[in-house]
Protein chains: 2
Amino acid sequence: MTPRARQAIECAEVIVGYDTYLDLIQDLLPGKDTIGTGMMQEIDRCQAAVEQAMSGKQVAVISSGDPGVYGMAGLVLELVSKYPATVQPEVNVVPGISAVSAAAAVLGAPLMHDFAVISLSDLLTPWEVIEKRIEMAAAGDFVIAIYNPKSIRRTSQIETVRRVALKHRGPDTPVGIVHHATRAKEDMTLSTLDNFTNEHIDMFSLVLIGNSQTYVADGKMVTPRGYRL
Amino acid sequence: MTPRARQAIECAEVIVGYDTYLDLIQDLLPGKDTIGTGMMQEIDRCQAAVEQAMSGKQVAVISSGDPGVYGMAGLVLELVSKYPATVQPEVNVVPGISAVSAAAAVLGAPLMHDFAVISLSDLLTPWEVIEKRIEMAAAGDFVIAIYNPKSIRRTSQIETVRRVALKHRGPDTPVGIVHHATRAKEDMTLSTLDNFTNEHIDMFSLVLIGNSQTYVADGKMVTPRGYRL
């Protein structure tokens with residue numbers, strides 16, 4: 001957590017967030033009101049935050065990773081803009097360490113070159129749009145970061161990623177899988193494009209697929225920038 | 001700067017970095033050795049850092065933004081892996097707030113959906129590779145983040161981005177330009193795909209091109225995640 005994020009929480013009278021994330025910052029909560037909800041209740045949660053802010057309170061909506069990458073920043077801004085400009089509360093987005101940055105650091109240096117970030121969650125996005133993006137990212141030789149790669153009910157999409165990427169890259173292309181980056185339970189697995197879907201992947205995993213130049217040396221996944229060394 | 005990054009610098013005996021970045025952390029430098037070099041001397045700088053570490057010193061190589069995104073993490077790992085595993089120093093990559101995350105926060109919430117990050121610098125990458133990636137990112141309706149969009153000598157590439165993107169997206173697609181995100185000189189401009197290359201863009205700019213759903217409301221650039229509100 002950056003000093004700026006900590007300060008935003010310390011200055012707030014009301015803290016709004018998914019229950020699990022509120023638990024992670026318990027030391028910052030005494031003396032504050034909290035509004036916690038379960039997963040999948042993002043709209044209720046952000047609407048409650050906006051209403052608190054409209055009533056004159058200083059409110060912090062908390063997120064894991066970066067609230068600006070598939071996070072709550074957009075939903076808060078969308079809900080705020082439904083009110084007339086004259087009564088809208090001011091919104092400041094405080095950037096954080098994104099899951100893709102955290103995962104990359106655990107693996108080594110896979111993001112030294114151009115990369116694409118794709119979420120496989122098709123709750124809010126038609127699968128055809130996601131599949132087209134996988135195809136374009138693979139064809140463009142982007143390093144590919146996959147958010148939400150798999151859940152209990154959603155298991156076939158990551159196999160599609162493997163199949164599409166294999167059309168454009170070799171079976172030995174390095175693939176890194178990171179769980180809970182920067183947390184106590186952090187762990188990582190290095191695999192290959194051919195085999196990675198046999199590894200443990202769940203909704204807490206971030207999957208990073210190397211580009212055609214990515215290699216593994218001494219246990220680190222590196223995409224060379226192109227320096228002649 | 002995260003507490004973890006600050007701690008890594010505080011624990012180091014030798015700090016290595018581009019002179020401008022050393023200036024930004026002067027308060028952390030007393031009592032430490034420093035190795036500063038100008039721009040474009042990344043290899044010398046990182047090689048010096050590796051040699052200091054091999055001599056038994058605790059060394060911190062500093063970067064702006066995230067050292068794991070087009071940063072020094074890869075070069076350090078590449079140089080270390082040239083030595084036998086038995087004598088290699090341990091390398092830890094400390095993730096930071098990437099320029100794309102910082103710029104997105106300034107603009108609003110443009111990265112609520114899949115995005116591609118592309119550097120236009122062709123010093124180390126053939127232009128054909130970069131142009132193919134622009135084409136694929138535009139065709140895949142990714143939000144596109146452009147690093148190194150323009151320098152004094154390199155001015156035509158950003159015009160190519162505009163031309164290629166206009167084949168796939170409307171002329172009114174929002175484009176955000178951010179300078180010096182999170183620093184005192186921070187500023188941002190909201191423009192459109194048709195017009196953005198008429199705005200001031202230099203090597204300190206980060207350019208964010210919206211996808212087909214991105215809009216501007218109340219001065220904020222938002223890519224909706226797809227919630228029905």
Side-chain angles (χ1 to χ4, degrees), chain A residues 1-3 42-43 66 68-71 73-82 85 88 91 93-98 101-102 104-106 108-119 124-125 129-130 132-133 135-137 139-142 182 217-218 220 222-227 229, chain B residues 1-3 42-43 66 68-71 73-82 85 88 91 93-98 101-102 104-106 108-119 124-125 129-130 132-133 135-137 139-142 182 217-218 220 222-227 229:
Chain A
M1 191 191 298
T2 63
E42 300 96 297
I43 298 174
D66 184 345
V69 175
Y70 304 115
L75 189 47
V76 169
L77 287 171
E78 286 192 80
L79 291 168
V80 163
S81 72
K82 295 203 170 294
Q88 287 175 11
V91 179
V93 180
V94 179
I97 306 284
S98 61
S101 279
V106 172
L111 302 181
M112 293 296 107
H113 225 296
D114 306 329
F115 61 99
V117 180
I118 301 173
S119 166
L124 299 170
T125 309
V129 172
I130 301 171
K132 170 99 184 267
R133 287 181 182 155
E135 184 73 48
M136 295 296 104
D141 200 27
F142 285 95
T182 76
D218 305 308
K220 302 282 189 182
V222 176
T223 303
R225 183 84 189 95
Y227 295 105
L229 304 177
Chain B
M1 191 190 298
T2 63
E42 301 97 295
I43 298 174
D66 185 345
V69 174
Y70 304 114
L75 189 49
V76 169
L77 287 171
E78 286 192 81
L79 290 168
V80 163
S81 73
K82 296 204 167 293
Q88 287 174 11
V91 179
V93 181
V94 179
I97 305 285
S98 61
S101 279
V106 172
L111 303 181
M112 293 296 107
H113 225 294
D114 306 330
F115 61 100
V117 180
I118 301 174
S119 166
L124 300 169
T125 308
V129 172
I130 301 171
K132 171 99 183 267
R133 287 181 182 154
E135 184 73 49
M136 295 295 103
D141 199 27
F142 285 95
T182 77
D218 304 308
K220 303 282 188 181
V222 175
T223 304
R225 183 83 190 98
Y227 296 104
L229 304 177

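Sequence lines set the chain letters: A, B, ... in the order given, protein chains first and strands last, and positions in each chain run from 1. Computed over heavy atoms, backbone and side chain alike; hydrogens, waters and symmetry mates excluded.
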State the CG-NZ distance between A/Asp141 and B/Lys132, to the nearest 0.5 angstrom. 8.0 Å
Donor-acceptor contact present, side-chain B/Lys220 to main-chain A/Val91, <3.5 Å: yes
Grab the two heavy atoms, one from B/Ala217 and one from A/Ser81, that are nearest each other, plus how far apart they are. CB-CB, 4.3 Å
If you tally heavy-atom pairs under 4.5 Å between each of A/Val80, A/Val69, A/Thr2 and chain B, the highest tally belongs to A/Val69
For B/Ala139, is it the side chain, the backbone, both or neither that has a heavy atom under 4.5 Å from a heavy atom of chain A? both
Interface residue of largest heavy-atom contact number with chain A, from B/Leu79, B/Val76, B/Val129, B/Leu111, under 4.5 Å: B/Leu111
Who pairs with A/Glu78 by side chain to side chain contact (heavy atoms under 4.5 Å, CB included), at least two apart in sequence or on another chain? B/Tyr215, B/Val222, B/Pro224, B/Leu229
All heavy atoms of A/Gly71 vs all of B/Met112, minimum pair found to be O-SD, 3.1 Å
Interchain contact, B/Asp66 with chain A, by part (heavy-atom threshold 4.5 Å): side chain
Counting heavy-atom pairs under 4.5 Å with chain A, the top scorer among B/Gly226, B/Gly108, B/Gly74, B/Ala105 is B/Ala105
Go through the steps for A/Val117 and B/Phe142 under the test side chain to side chain contact (heavy atoms under 4.5 Å, CB included), then give the verdict. CA-CA 9 Å; A/Val117 180; B/Phe142 285 95; over 6 Å; no
Contact class of A/Asp218 relative to chain B, heavy atoms under 4.5 angstrom: side chain
Counting only non-hydrogen atoms closer than 4.5 Å, does B/Ile118 touch chain A with its backbone (N, CA, C, O), its side chain (CB onward), both, or neither? both
Which one, A/Ala73, A/Ser101, A/Ala116, A/Gly96, leads in non-hydrogen pairs under 4.5 Å with chain B? A/Ser101
I need the residue from B/Ala137, B/Pro110, B/Ala109, B/Ala104 with the largest number of non-hydrogen atom pairs under 4.5 Å to chain A. B/Ala109
Might you point out which heavy atoms bring A/Ile97 and B/Pro95 nearest each other, and give the distance in Å? CD1-O, 3.6 Å
Going by side chain to side chain contact (heavy atoms under 4.5 Å, CB included), name the residues that satisfy it together with A/Ser119, two or more places apart in sequence or in a different chain. A/Tyr70, A/Ser121, A/Tyr147, A/Asn148, B/Asp114, B/Arg225
Checked A/Ala85, A/Ser98, A/Pro3 vs chain B; the most non-hydrogen pairs under 4.5 Å come from A/Pro3
What pair of heavy atoms forms the shortest contact from B/Arg133 to A/His113, and how long is it? NH1-ND1, 3.1 Å
Which bit of A/Glu135 comes within less than 4.5 Å of chain B, counting heavy atoms only: side chain, backbone, both or neither? neither
